[in-house]
Amino acid sequence: MTAQSCPRQHCATTMDSAALEPSLYTVKAVFILDNDGNRLLSKYYDPELYPSMKEQKNFEKNVFNKTHKADHEIAFLEGMTIVYKSSIDLFFYVVGSAQENELMLMAVLNCLFESLSQMLRKNVEKRTLLDNMDGVFLVVDEIIDGGVILESDPQQVIEKVNYRADDNPLSEQSVAQHITEKLARTSNVLQSAKEQIKWSILK
């Protein structure tokens with residue numbers, strides 16, 4: 001395409017959409033380890049990132065070794081941006097690409113931690129977590145779907161988790177409603193992400 005055949009506004013729009021597209025899949029992985037670095041929960045959303053269990057566990061071990069004695073909240077390892085938080089005998093990690101907005105990852109981490117804190121009645125420790133593992137997976141699934149951030153408000157997450165727990169088995173109508181709600185929430189989060197990226201570019 002020549003410079004003459006590409007109106008400036010159209011080119012800018014095309015470049016903007018190309019730059020924003022990867023932001024939809026913000027989260028590459030989420031995992032929770034105990035204070036010995038053993039995996040309690042992990043979800044990888046990028047099939048090309050550590051496809052085997054062995055690779056995943058090696059990555060988690062490396063991340064743990066780098067972070068478990070550090071005072072920071074952000075680490076950079078193997079081309080990944082990692083935000084993390086510890087509580088008693090647990091370590092929580094959210095992983096994004098090297099180019100990912102750290103604030104977005106931190107929002108996911110804080111939402112995950114606060115949601116679990118509410119669900120576990122502030123007993124965010126290994127034994128309580130293991131006793132409520134089904135709920136923990138539900139919380140993670142309400143916050144992230146396939147790497148896309150669906151929700152960053154802990155109160156909304158807990159309400160959705162309670163709704164899903166009470167609504168078992170799901171009727172066809174509630175499944176359709178759940179899918180519609182999920183699509184709407186994804187759209188809202190994407191719009192918010194675009195706004196954040198637009199402002200960061202303008203800075």
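Along the sequence shown, residues carry numbers from 1. Just so we're clear, the structure is a prediction, and the values are computed from it rather than from any experiment.
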Could you go through the side chain to side chain donor-acceptor pair (under 3.5 Å) check for Thr67 and Tyr93 one step at a time?
CA-CA 10 Å; Thr67 59; Tyr93 297 91; 2.7 Å; yes
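- In this structure the side chain of Leu40 reaches within 4.5 angstrom of the side chain of Leu130, judged on heavy atoms.
- Ion pairing between Asp141 and Lys43 holds under the 4.0 Å rule for side-chain N and carboxylate O.
- At a threshold of 4.5 Å between non-hydrogen side-chain atoms, the residues Phe92 and Ser87 count as touching.
- Looking at Phe76 and Ile74, their side chains come closer than 4.5 Å, going by heavy atoms from C-beta outward.
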Kindly indicate, with the supporting measurements, whether the criterion side-chain contact (heavy atoms from CB on, under 4.5 Å) is fulfilled by Val157 and Val161.
CA-CA 6 Å; Val157 171; Val161 167; 4.3 Å; yes
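- Results of the side-chain contact (heavy atoms from CB on, under 4.5 Å) test with Ile144 over Thr26, Val94, Leu150, Val108 single out Val108 as the only residue that passes.
- Side-chain heavy atoms closer than 4.5 Å link hydrophobic residues (I, L, V, M, F, W, Y) into clusters, and following such links, possibly through other members, connects Leu112 to Met104.
- At least one side-chain heavy atom of Arg39 sits less than 4.5 Å from a side-chain heavy atom of Gln56.
- Between the side chain of Asp145 and the backbone N or O of Val148 there is no donor-acceptor pair closer than 3.5 Å.
- Both Tyr45 and Leu138 belong to a single network of hydrophobic side chains, linked directly or stepwise wherever heavy atoms of I, L, V, M, F, W or Y lie under 4.5 Å apart.
- Within a 6.0 Å sphere centred on CD of Gln156, other residues, nucleotides and ligands contribute more than 12 heavy atoms.
- With rounding to the nearest 0.5 Å, the separation of CG in Asn62 from CE in Met80 is 13.0 Å.
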With side-chain contact (heavy atoms from CB on, under 4.5 Å) as the test, would you mind laying out the steps for Gln155 and Glu114 before giving the verdict?
CA-CA 9 Å; Gln155 200 59 47; Glu114 291 302 324; over 6 Å; no
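- In this structure, the separation between CG on Asn123 and CD1 on Ile88 is 7.0 Å, given to the nearest 0.5 Å.
- Closest of all the heavy-atom pairs between Ser152 and Cys111 is C-SG, 3.5 Å.
- The two residues Pro47 and Pro51 have their closest heavy-atom pair at O-CB, 3.6 Å.
- When the side chains of ILVMFWY residues are joined at heavy-atom separations under 4.5 Å, either directly or via intervening members, Val83 and Val124 end up in a single hydrophobic cluster.
- Residues Glu125 and Thr128 bring a donor and an acceptor atom of their side chains to less than 3.5 Å of each other.
- If you chain together hydrophobic residues whose side chains sit under 4.5 Å apart, Leu77 and Ile32 never meet in one group.
- The environment of CE in Met53 is sparse: at most 12 heavy-atom neighbours from other residues, nucleotides or ligands sit within 6.0 Å.
- Between Val27 and Val95 the shortest side-chain heavy-atom distance does not fall below 4.5 Å.
- With rounding to the nearest 0.5 angstrom, the CG atom of Leu41 is 7.5 Å from the CG atom of Leu129.
- For the pair Lys85 and Phe113, the distance from NZ or CZ to the six-membered ring centre is under 6.0 Å and the angle to the ring normal is within 45 degrees.
- In this structure the side chain of Lys160 never reaches within 4.5 angstrom of the side chain of Glu151, judged on heavy atoms.
- Connection of Ile143 to Met106 is established within a shared hydrophobic cluster, with ILVMFWY side chains joined at heavy-atom distances below 4.5 Å, either directly or through further cluster members.
- Val136 is listed as a side-chain neighbour of Met119, based on a closest heavy-atom distance under 4.5 Å.
- Each of Glu55, Glu60, Glu78 was scored for a side chain to side chain donor-acceptor pair (under 3.5 Å) with Tyr50, with one residue passing: Glu78.
- Remark: Asn101 CG to Leu105 CG distance equals 7.5 Å, nearest 0.5 Å.
- Asn35 places none of its side-chain heavy atoms less than 4.5 Å from the side chain of Leu90.
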Test Phe91 against Tyr84 for ring-ring contact (aromatic ring centres under 6.0 Å, His included), laying out the working first.
CA-CA 7 Å; Phe91 286 82; Tyr84 60 97; 7.7 Å; no
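- Between atom CG of residue Asp89 and atom CG of residue Leu33 there is a gap of 12.0 Å, rounded to the nearest 0.5 Å.
- By the 4.0 Å N-to-carboxylate-O rule, Lys28 lies close enough to Asp46 to be salt-bridged with it.
- Using bins of under 30°, 30° to 60° and over 60° for the plane-to-plane angle, the ring pair Phe59/Tyr44 lands in the perpendicular bin.
- Environment of CG in Asp36: crowded, with over 12 heavy atoms of neighbouring residues, nucleotides or ligands closer than 6.0 Å.
- Residues Phe31 and Ser42 come closest through the heavy atom pair CB-CB, 3.5 Å.
- Counting all heavy atoms, side chain and backbone alike, Ser115 lies closest to Pro154 at OG-CA, 3.4 Å.
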